[in-house]
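A, B, ... follow the sequence lines: proteins, then strands. Residue 1 opens every chain.
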2 protein chains.
Amino acid sequence: MPAKRSPARRPTMKDIARRAGVSESAVSFALNGRPGVSEVTRERVRRVAEQLGWRPSTAARALSGEGAATVGLVLARPADTLGVDSFFLQLVSGIQEVLAERHLGLLFQVVEDVPDECAVYRRWWAEHRVDGVLVVDPRTDDPRPDLLDELGLPAVVIGGAPDERHSGLSTVWADDAGAMASVVEGLYALGHRRIVHIAGLSGLAHTERRIRTLRAEARRRGLTGVESITTDYSDAEGAAVTRRVLDSAAPPTALIYDNDVMALAGVATATELGFSVPADVSVVAWEDSALCRMVRPWLSALSRDTMEFGRTAACELTALLDGGPARTVRVPVPRLIERESTGAARGA
Amino acid sequence: MPAKRSPARRPTMKDIARRAGVSESAVSFALNGRPGVSEVTRERVRRVAEQLGWRPSTAARALSGEGAATVGLVLARPADTLGVDSFFLQLVSGIQEVLAERHLGLLFQVVEDVPDECAVYRRWWAEHRVDGVLVVDPRTDDPRPDLLDELGLPAVVIGGAPDERHSGLSTVWADDAGAMASVVEGLYALGHRRIVHIAGLSGLAHTERRIRTLRAEARRRGLTGVESITTDYSDAEGAAVTRRVLDSAAPPTALIYDNDVMALAGVATATELGFSVPADVSVVAWEDSALCRMVRPWLSALSRDTMEFGRTAACELTALLDGGPARTVRVPVPRLIERESTGAARGA
DNA sequence: CAGCCGTACTAAAGCGCTTTAGGCTGCTTC
DNA sequence: GAAGCAGCCTAAAGCGCTTTAGTACGGCTG
C-alpha cells in the first residue's frame, strides 16, 4: 500500500518507434495525422502509443516550433483587493472549460500593477512560455495592447472596447453603456431623479464607459443630482462613500454599485443610517451573485453569465491561435434582475 | 502609434555567443554561474545577454533536463461551487508571491472531481509540464498522494493531515482540531449546550477532522444536543440546513458554519425565522473575510492568514524542488475574532 | 627540458519532437 | 524496356539549451 518508489520513465516516440518497428518520423506522421504512412501502420502506431501511455512532451513540441500549448492570464490587482470577488473564478472556470478541451494549459499569475503585468508578458514571450494571453481589466490608455502587438503575442482583451488599431487582438466585450442606460431608464421610470453611481476603479475601461453613459443619460433627461464616484471596489470604500452621499442635504434616492460587495456594504450602511431600502433609497448591484440573495432585502442586480463570458473569450483566443483573424465579439447585455432593493422613489 | 508588425525574434544563446565572441557553451557556463569561464568573460557575456534582452527558453531548458520551471495547481470543484469563495484567490495570491520570486510559473486548472484531477496530474507529468504540484482539498482516502508518489512528482498537500507514508510529499496544515476545540470551549463557557456544526463537503480531510473533534469535545462534556451536518458549502444548503435545525423542538443555541458564505446565509435565515442573533442563537463563521463585516450583526469568525498559508505551501514546494526532504509544517491555529454574532446562551 | 597539471575555452552529443530531403518498391506509360 | 510516378517509409537536421569530453596554453615541478 505504501507506494513504491518507481522512477517511472516517460515513454518517448523512440520507444513507440521501436515497439512498432518503424522509424521515429513515421511515428510522428502517424500520430499527427500527416500523410506519409499507410492506414494500417498509422493504426498500429496509435495502438502502441496508447498502450504505452504516451503523451507528447510539450517542451519538445514547443522547441520544434509548435508553440507551448499554453495560454497566459495575469491578474493585476493589489493582493488584498481580490478577496471577495466571484467574478474571476467564474471567468477562469469558463475559460478552462474550452482550454481543457484542446489540452491547452493556463498559466496564471497575479501581480501588483500594469507595469508588472507588462513585464510578465515580456518574460513569458521571451521564455517561449505561452502562445497567447487573455487580458482582463482593460484601462483607458492601456499600454498592454501595444506591447502585445509588438511582441506578436495573440491576445484577447476581455471587457475592452472595440479596437481596430491592433491586428492581433480580439476583443470580447459587454455593452456596459447599454446596460447603464437601461438601468437609468428603469430608475427614472420609478421616479428617481437623484442617482449616485458608486463606481469601481477609476481608469478601468468599463468603469469609464459606465460613468460616461450615466452622465450622458442624465444630461439627456436634464437631471442634475446625478454623479459617479470611483472606488477601489472594496466593501470599506463602498460603505464610506455611501455614508457620505446619504449624509448630504439632498441625498440620492437611488444608488448603483459597480459590484455586489459594495452594494451589500452600501445596504448595511444605509440601514444603519436609518434609511430603509427600498423605501428611502433604491439599490442596484452591477454583478449578480449568491451574495445578492444573502441579505434582506434581496438585491436587484445586473446579471450576466460570467462563465459564458470566459468561454467566449477562450474560444476567440483559440481561434486566433489557429490563425484566424482578430475579431470583436459582444456578449449579451447584462439583464437587470429586479428583486427587493429597488422601488418607486419616495413621493413619486 | 499603430504598432508596427515586427516579427521580433527572440535572441538565443547563439546570438550572445556570436556577439561576445565565445562559444555557446561558454555562454551557458557564464550565465549559469558554473565554473569554466574567467570572471571577465563571464561579465562580458552577462552584459551582452542583458543588452539583448535574452531570457532562457523554458522549452529548451525543460528539454535538456532542467525541469519545466512550473508548478501545477488543480482545483477540483464543480464549477458552480467555486463562486463566492475568498479562500482560493487569497491562497493563490500568497503562492504566487513566492513563486514569482523564483520565476516559477503556475499552471492552473479547474476540473470537476478528483478522478479528473488525477488525470490532469498524469497528463502534466507525461507532458513534462510541471516540476511539482500543490494539492488542495485533501480527502479521507485520497488517491492523489499515492498517484503523485508513483509518478515521482514532488507535491505539497495543503490542509492535509500529517502523512509519513509518502516520501515525496510535504504537508502544510492548520490545526483544525485545536481550533474547533477552542470554539467549543468558548461557546460552552457562554452557556451553550446545544451546538450544531454546519460543515462543509463530506469527505474533505479537514471537514472530517472538525467533525471528529466536535464529537469528541461533546462527549467529553457530556453534551447530547451536538451534531455536525455536511453541506456543499453553498449559501443555499447553508440556509436550508439552518432552517431545518432551527425549526426543531429543541433548536440549538449556537451554530458553527464551515465558511463565511453559509454563515451569512444562516444569519439571514435565522432572522427570517424570528431568531435574533446573538440573543437567541450565536453564530460563528469558520473563515473570516470582508463578508463577515458586511452584515449586522457582524460575524464572529475564525480568522487565519490565508495568503501566508499559500506562501508557506509554496516555500515548502520550492524546498522540495531544490531536493530538500519532505516535511510537515503547521501554520498557526486560526484565531477566533469575537464580533457581534456570539453571546451568552439564552437563560444561561 | 620533458612531463604534468590547472585554467579557459570549444566541439559535439543529447533532450523529444517536427520536418525536409531523399530512398526504395512496384506500378503505369509510351 | 527504360523513364516516370505514386506510395510508404527512413535518415538527418534543427529547435535552444546543458553537459561531457576534449583541446590549447601557460606555469609548475623534478
Side-chain angles (χ1 to χ4, degrees), chain A residues 7-46 48-49 52-70 103 123-129 131, chain B residues 7-46 48-49 52-70 103 123-129 131:
Chain A
R9 215 178 55 82
R10 302 145 166 93
T12 74
M13 289 195 8
K14 191 179 284 177
D15 299 322
I16 301 178
R18 190 163 31 225
R19 294 267 286 245
V22 294
S23 72
E24 272 187 72
S25 356
V27 173
S28 178
F29 294 148
L31 261 17
N32 293 318
R34 297 217 192 300
V37 284
S38 66
E39 261 325 304
V40 338
T41 308
R42 190 184 298 278
E43 204 36 60
R44 182 158 40 95
V45 168
R46 276 216 189 98
V48 174
L52 253 41
W54 178 85
R55 297 247 69 213
S57 147
T58 37
R61 270 238 162 105
L63 197 51
S64 38
E66 288 295 273
T70 305
H103 288 233
R123 206 153 55 68
W124 280 353
W125 172 79
E127 293 178 353
H128 264 282
R129 263 181 186 283
D131 301 330
Chain B
R9 214 178 55 84
R10 302 145 166 94
T12 74
M13 288 198 3
K14 192 180 287 179
D15 299 321
I16 301 179
R18 190 161 31 224
R19 293 268 284 245
V22 292
S23 72
E24 271 187 73
S25 355
V27 173
S28 178
F29 293 149
L31 262 16
N32 292 318
R34 296 215 195 302
V37 284
S38 65
E39 261 324 303
V40 335
T41 308
R42 190 185 299 277
E43 203 39 56
R44 182 157 41 95
V45 168
R46 276 215 189 101
V48 174
L52 253 42
W54 178 85
R55 296 247 70 213
S57 147
T58 36
R61 271 240 161 103
L63 197 50
S64 39
E66 288 295 272
T70 305
H103 288 234
R123 207 153 55 69
W124 280 353
W125 172 80
E127 293 178 354
H128 263 283
R129 261 180 187 284
D131 300 330

Taking only residues two or more places apart in sequence or in another chain, which ones pass side chain to side chain donor-acceptor pair (under 3.5 Å) with Thr70(A)? Arg129(B)
Using five base pairs at each end to define the local axes, how bent is the helix from dC1(C)-dG30(D) to dC30(C)-dG1(D), to the nearest 10°? 60°
Could I get a table of every N or O pair under 3.5 Å where one atom is in the protein and the other is in nucleotides 5-8 of chain D?
none

Side chain to side chain donor-acceptor pair (under 3.5 Å) partners for Thr41(A), two or more places apart: Ser38(A)
For a 4.0 angstrom threshold against heavy atoms of chain A, report the outermost contacting nucleotides of DNA chain C in 5' to 3' order. dG16(C) to dT20(C)
Quick one: salt bridge (charged side-chain N to carboxylate O under 4.0 Å, His left out) pairs with a partner in residues 53-65 of chain A, sequence neighbours left out? Arg55(A)-Glu127(B)
So if I take residues 21-33 of chain B and measure heavy-atom distances to DNA chain C, which residues fall below 4.0 Å? Val22(B), Ser23(B), Ser25(B), Ala26(B), Phe29(B)
Pair listing, salt bridge (charged side-chain N to carboxylate O under 4.0 Å, His left out) test, anchored in residues 17-27 of chain B, at least two apart: Asp15(B)-Arg18(B)
Sequence neighbours excluded, the answer for salt bridge (Lys or Arg N to Asp or Glu O under 4.0 Å) partners of Glu66(B) is none
Of all residues at least two apart in sequence or in a different chain, which pass the salt bridge (Lys or Arg N to Asp or Glu O under 4.0 Å) check with Arg34(B)? none
For Phe29(B) and Val45(B): C-alpha separation, side-chain torsions, deciding distance, then whether side chain to side chain contact (heavy atoms under 4.5 Å, CB included) applies. CA-CA 10 Å; Phe29(B) 293 149; Val45(B) 168; over 6 Å; no
Dump the intermediate steps for side chain to side chain contact (heavy atoms under 4.5 Å, CB included) on Ser28(B) and Met13(B), then the final yes or no. CA-CA 8 Å; Ser28(B) 178; Met13(B) 288 198 3; 3.8 Å; yes
For Ser64(A), which residues count as a side chain to side chain contact (heavy atoms under 4.5 Å, CB included) partner, sequence neighbours excluded? none
